[in-house]
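As the structure is a computational prediction, the values presented were derived from the model and not from experiment. Keep in mind that the numbers below use all heavy atoms, side chains included, and drop hydrogens, waters and symmetry copies.
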Amino acid sequence: HGRPREQHFHECRKRADAFIAALEQREAGRFREALLALIGLGEGLTPSGDDFLVGAMAAAWWLKGSPTGSFLLEEARRMIESPLERPPFPSSRYIRRAFPEGSAIARIPMKLWAKTTLISSHFLTAAAEGIFCEFVYRFLESLSARDERRTAAWIDWIRSWGATSGAWLLDGFAATAAALAGLGGKPERE
């Protein structure tokens, strides 16, 4: 029973690393591919890849003003439409109206939302707009206040969320925050 889970973990880790590498390089094409490769990866109501992306977007919103963070949010918003601008299940008629004929982005929404769960698609669209669950806000507040005790408590609470959701969300946050701060590899470019 543990074998498929272990393979799933390694695949998600590999794709998450590719996402962070593409983010650090700010290569739009590679970044979009890496983002799409994470969406829907895993099992459950919120697949692991989606949880990682929500954590990544939380880090980008928390560290607003970073050129790499701005890149992440701009590209994510291009890929993940606002819930107010898209019907729950995009129709081809909607896509033709919203995007020019032949546009690569016109093919993404259908593919994107078909890959994940409805609840996870809502979490992703909300995160792209800077909207998170209350526990994410509390975690970010404790980080901003540099309150180590509260931060540790919120990390423990988030880690216990779902089977693996909280752990992947924290991983996405930590990896992205390190990349945005220049700690994960290449420093910020001006």
Side-chain angles (χ1 to χ4, degrees), residues 4-44 46-81 103-109 111-117 120-121 123-130 132 136 139-140 143 151 155 158-159 161-190:
R5 258 181 209 206
E6 188 177 313
Q7 289 172 340
H8 158 74
F9 172 84
H10 290 296
E11 184 61 27
C12 197
R13 177 80 267 136
K14 184 174 91 176
R15 291 185 193 188
D17 290 346
F19 174 85
I20 294 298
L23 173 63
E24 290 175 328
Q25 296 295 314
R26 285 192 250 165
E27 294 178 19
R30 268 185 56 211
F31 180 80
R32 289 178 191 146
E33 282 179 29
L35 187 143
L36 282 173
L38 281 168
I39 291 179
L41 178 62
E43 302 171 339
T46 60
S48 302
D50 298 356
D51 296 324
F52 181 91
L53 290 171
V54 169
M57 287 185 270
W61 280 103
W62 184 62
L63 295 169
K64 275 196 306 198
S66 148
T68 304
S70 296
F71 168 83
L72 185 158
L73 293 172
E74 287 169 20
E75 291 300 321
R77 279 190 229 136
R78 282 190 181 110
M79 302 286 291
I80 303 168
E81 303 122 3
S103 167
I105 194 85
R107 293 186 298 276
I108 291 170
K111 192 162 82 171
L112 183 74
W113 302 123
K115 288 176 63 176
T116 195
T117 66
S120 198
S121 71
F123 279 149
L124 288 166
T125 56
E129 298 299 325
F132 302 95
V136 174
F139 167 65
L140 298 177
L143 281 175
T151 299
I155 287 172
I158 293 170
R159 193 175 285 130
W161 179 54
T164 61
S165 291
W168 280 107
L169 186 146
L170 287 169
D171 189 53
F173 179 87
T176 303
L180 298 181
L183 303 174
K186 305 217 180 335
E188 284 287 331
R189 291 182 273 175
E190 296 303 323

Are side-chain heavy atoms of [X] and [Y] found at a separation under 4.5 Å?
X: Glu11; Y: Gln7; value: no
X: Leu140; Y: Phe173; value: yes
X: Glu75; Y: Leu35; value: no
X: Ile158; Y: Phe139; value: yes
X: Asp50; Y: Leu38; value: no
X: Thr164; Y: Phe9; value: no
X: Arg13; Y: Trp168; value: yes
X: Arg30; Y: Gln25; value: yes

Measure the [atom1]-[atom2] distance between [X] and [Y] for me, rounded to the nearest 0.5 Å.
X: Ile20; Y: Leu180; atom1: CD1; atom2: CG; result: 8.0 Å
X: Thr46; Y: Asp51; atom1: OG1; atom2: CG; result: 3.5 Å
X: Phe19; Y: Glu33; atom1: CZ; atom2: CD; result: 13.5 Å
X: Trp62; Y: Thr176; atom1: CH2; atom2: OG1; result: 12.0 Å

Where is the tightest heavy-atom contact between [X] and [Y], given as atom of each residue plus distance?
X: Arg159; Y: Leu170; value: N-CD1, 3.9 Å
X: Ala76; Y: Met57; value: CB-SD, 3.9 Å
X: Ala56; Y: Leu72; value: O-CD1, 4.1 Å
X: Leu124; Y: Val54; value: CD2-CG2, 4.0 Å
X: Ser48; Y: His8; value: OG-NE2, 3.0 Å
X: Ala127; Y: Phe132; value: CB-CE2, 3.5 Å

Quiz item: Counting only N and O atoms by type, is there a donor-acceptor contact under 3.5 Å from the side chain of Ser165 to the main-chain atoms of Trp161?
Solution: no

Self-check item: Backbone of Ser120 reached by a side-chain donor or acceptor of Thr117 within 3.5 Å
Solution: yes

Exercise. Using a strict cut-off of less than 4.0 Å between a Lys/Arg side-chain nitrogen and an Asp/Glu carboxylate oxygen, indicate whether Arg77 and Glu74 qualify as a salt bridge.
Key: no

